[in-house]
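Presented below is the structure to which this report refers.
Counting starts at 1 for both ligands and their atoms, following the listed order.
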Amino acid sequence: MSARIIPVDPFDYVVFGATGDLSQRKLIPALYYRFYDGQFDTNSRIIGVSRSEMSDEEFQKFARDAVNEFVDADHIEPQMLDDFIGCFSYIANDVTDRDGWAALSDRLRNDPSVVRAFYLAVAPFLFAPICDYLSSQNYWTPDARVVLEKPLGHNLQSSVEINDTVAEVFREDQVYRIDHYLGKETVQNLLALRFANALFEPIWNSAHIDHIQITAAESVGAGGRSYYEKSGALRDMVQNHLLQLLCLVAMEPPASDEANALRDEKLKVLRALKPIVGETVHKQTVRGQYRGVSAEDTKVPSYVEELGDGATSNTETFVAIKAEVENWRWNGVPFYMRTGKRMARRASEIVIQFREIPHSIFSRTEGAPTPNRLVIRLQPDEGVKLFLMIKDPGPGGMRLRQVPLNLSFADTFTQRTPEAYERLLMDVVRGNQTLFMRRDELEAAWAWIDPIREAWDNDATPLHGYTSGTWGPTSSVALIERDGRTWHEELDDPKAI
Ligand code: BG6
């Protein structure tokens with residue numbers, strides 16, 4: 001089946017922070033792909049706002065360069081690109097400058113059939129002045145939307161403050177908090193897998209599942225970014241992406257795919273997470289920071305070397321956590337999560353490890369039955385694998401072997417897998433909040449993260465060094481092996497995946 005493109009209403013997308021990295025690498029290329037696929041046309045406008053002095057033409061060149069660099073060459077057609085670039089204009093505005101705001105107001109169309117969205121790809125301390133202007137200068141309309149990029153706070157209190165500020169101007173149904181993991185195709189596929197198949201739901205519980213693993217490994221480093229130094233992996237990846245994945249795996253079936261039905265169920269999971277406090281922080285969490293490699297043929301800087309001369313840092317670039325969801329469905333089933341930079345490979349996946357069979361009838365076989373395992377691969381090479389036991393073909397007795405039933409999306413579907421932002425940017429225009437975090441979800445996630453962060457700040461858990469290009473500190477292996485389990489080893493062998 002080929003993709004179905006449903007055109008969206010014309011829009012005025014105002015992107016604050018339009019000349020930043022996110023805009024260049026993700027937002028502009030994602031919008032281009034949607035334009036290329038015919039989801040919107042030249043009746044829509046993309047208005048960049050940023051402090052840099054730039055003309056419309058210079059910003060259009062910036063957008064053109066972004067497309068040329070970050071869009072697949074075989075999707076770039078000169079006329080199409082020209083038309084797309086024609087949607088772009090720019091306003092230099094340092095947010096406190098009244099003249100800049102007046103110019104923005106002139107660019108927006110006062111037509112109720114045009115969707116108005118404000119995308120705040122800026123540091124959160126700018127949310128307050130921007131929202132203030134958006135209310136006071138009448139940019140607000142009952143149907144206007146505001147999109148918030150992370151970091152949405154650095155702890156519960158700061159996230160409450162941000163949410164309060166935004167709530168003074170926008171109703172909750174106008175607020176779109178981005179967690180781009182929710183826009184990934186395979187993440188949405190997790191919903192399809194669980195709730196569009198009768199097969200899994202009856203066994204999706206502690207009676208049949210032994211444990212769950214969630215890994216988001218990156219091979220790149222933090223690159224000396226000052227944002228990362230303040231945030232660390234716990235806030236950067238666990239508080240949002242990994243917990244959202246955990247919610248989708250653990251939640252009860254919602255009554256429908258309506259946004260709040262789904263978000264209500266995710267919230268229940270977040271609230272059922274057993275707090276990790278006091279002594280348990282030491283037992284259930286591991287934090288690490290990558291070291292450099294200095295061999296004759298390879299040189300990789302350490303995290304602190306990337307920060308600059310003489311820097312020191314306690315920021316974690318790796319986290320492993322054993323989490324527990326305290327409810328009937330998941331009683332006694334640990335959720336092991338890990339994420340890190342400069343790991344052996346870029347690989348994100350969810351592993352559902354089923355329990356052992358209750359009794360083996362194969363007394364005279366080679367190879368004991370190995371428990372089933374469902375692997376949902378988010379990236380790269382999106383797909384789903386179900387590991388089953390089979391009899392090794394041919395004579396030689398009853399020899400058992402585990403083989404994967406492999407659904408590789410690349411092999412099954414010929415079309416391009418869309419980037420997460422493509423879906424999310426269009427969902428804003430469509431007014432669909434399903435794949436965005438609600439305020440209470442965000443705050444529940446922070447409430448769970450805060451005690452871990454505080455304990456770490458008080459040095460309750462050592463910061464372990466790990467060599468770049470490995471799977472993190474050995475204590476992460478110990479975290480899961482203490483429970484008689486192992487991390488999904490297939491990750492070590494790219495060819496096997
Ligand atoms: C972002 C983090 O939210 O997600 C980055 O801030 C991280 O540090 C990125 O690199 C990972 O996203 P993806 O889609 O490449 O897995």
Taking [X] first and then [Y], would you say they form a salt bridge - that is, a charged N and a carboxylate O separated by under 4.0 Å?
| X | Y | answer |
| --- | --- | --- |
| E316 | R235 | no |
| R439 | D164 | yes |
| E305 | K299 | no |

Among all the protein's non-hydrogen atoms, which is closest to [atom], and how far away is it?
| atom | answer |
| --- | --- |
| atom 11 (C) of ligand 1 | E218 OE1, 3.7 Å |
| atom 1 (C) of ligand 1 | K150 NZ, 3.4 Å |
| atom 15 (O) of ligand 1 | R346 NH2, 3.8 Å |
| atom 14 (O) of ligand 1 | K184 NZ, 2.5 Å |
| atom 5 (C) of ligand 1 | D236 OD2, 3.5 Å |
| atom 4 (O) of ligand 1 | H180 CE1, 3.3 Å |

Per-atom contacts of ligand 1 with [X], taking only distances under 4.0 Å to non-hydrogen atoms:
| X | result |
| --- | --- |
| Q379 | 13 (P), 16 (O) |
| R225 | 8 (O) |
| K341 | 5 (C), 7 (C), 8 (O), 10 (O) |

Problem - Distance-only donor-acceptor check, side chains T317 and Y466, under 3.5 Å - result: yes

Handout entry: Distance-only side-chain donor-acceptor flag, R263 / Q433, under 3.5 Å
Key = yes

